[in-house]
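Read through the structure below, which is laid out as structure tokens, and then see the notes.
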Amino acid sequence: MKSQQKQYWLMKSEPDVFSIDTLKKDVTTWWEGVRNYQARNFMMKEMIVGDEVLFYHSNATPPGIAGLAVISEAAKPDPTQFDKKSEYYDPKATKEKPNWFCTQVKYKKTFKHFITLEKLKNDKHCENLLVIKKGQRLSIQPVSEKDFQYLSQLGLGSI
DNA sequence: GCCAACGTTGGC
DNA sequence: GCCAACGTTGGC
């Protein structure tokens, strides 16, 4: 059941592999390689075109939110699951019955002020953000509209 | 590089 | 269906 209402997300990427600068250069990317069912279900069942995204740099020094993106195409089967040469190859997946899906993400803005994880942890506005919770490894996380609006303004430098 | 936390796998 | 073993994530 797809929600008709716009939702907000935090999507993690390792900048050594794919940073916000890479997305800026490429403009759009298919969010391939997600191999976690909860994250897959968000892309498959929840995301709609126009949903807004906080682009998070994980495994980085420092980790934190680097900018904004937007969902630009709805979920389709992740092609890497069929590719034997890919590290994301899934022998159990078939074209008739794909196992993994990806949405397309489009670059929107690089933050003027990168928001570090440390800052998020110390900000009273962000108490409910999942990413600050210990042991939270989910690579795609829902974010409340309030948190999204606050953090985008903070990152863009308008507050 | 370490390791805590979590997800997945597979034997039973 | 339980759970130990293993693999991965990701902060530090």
Those residues at least two apart in sequence (or on a different chain) that pass salt bridge (Lys or Arg N to Asp or Glu O under 4.0 Å) with Lys12(A) are none
For this session: Would you confirm whether the ring centroid of Phe101(A) sits within less than 6.0 angstrom of the ring centroid of Trp31(A)?
Result: no
Leu138(A) atom CG is separated from dG7(B) atom P, nearest whole Å, by 8 Å
His57(A) atom NE2 is separated from dT9(C) atom P, nearest whole Å, by 17 Å
Atom CG of Asn59(A) and atom P of dC2(B) are separated, to the nearest Å, by 16 Å
Output yes when at least one side-chain N/O atom of Tyr56(A) is less than 4.0 Å from OP1 or OP2 of dG11(C), else no. yes
Looking only at dG7(B), dA4(B), dG11(C), the nucleotide nearest the Gln38(A) side chain is dG7(B)
Between CD1 of Ile140(A) and P of dT9(C) the distance, given in whole Å, is 13 Å
Give a yes/no answer on whether the side chain of Lys12(A) brings an N or O atom under 4.0 Å of OP1 or OP2 in dG10(C). yes
Return yes when atom CD of Glu73(A) has more than 12 non-hydrogen atoms of other residues, nucleotides or ligands closer than 6.0 Å, and no otherwise.
-> yes
Closest to the 5' end of DNA chain B, once Lys92(A) and Arg137(A) are matched to their nearest nucleotides, is Arg137(A)
Between CG of Leu117(A) and P of dT9(C) the distance, given in whole Å, is 18 Å
Discussion item. Is it the case that the side chain of Asn36(A) and the backbone of Ala39(A) share a donor-acceptor pair, with hydrogens and angles ignored and the cut-off at 3.5 Å?
Written reply: yes
Lys134(A) NZ to dC12(C) C1', in whole Å, measures 12 Å
Out of dA5(B), dG7(B), dG10(C), minimum distance to the side chain of Asn36(A) belongs to dG7(B)
(message) Just to be sure I understand the rule, does Lys121(A) reach a base, reach only the sugar-phosphate, or reach nothing, if contact means heavy atoms closer than 4.0 Å?
(response) sugar-phosphate
To the nearest angstrom, the CZ-C1' distance between Arg35(A) and dG7(C) comes to 16 Å
Between CG of Leu120(A) and P of dC12(C) the distance, given in whole Å, is 11 Å
Heavy atoms of other groups near Lys76(A) NZ, more than 12 under 6.0 Å: yes
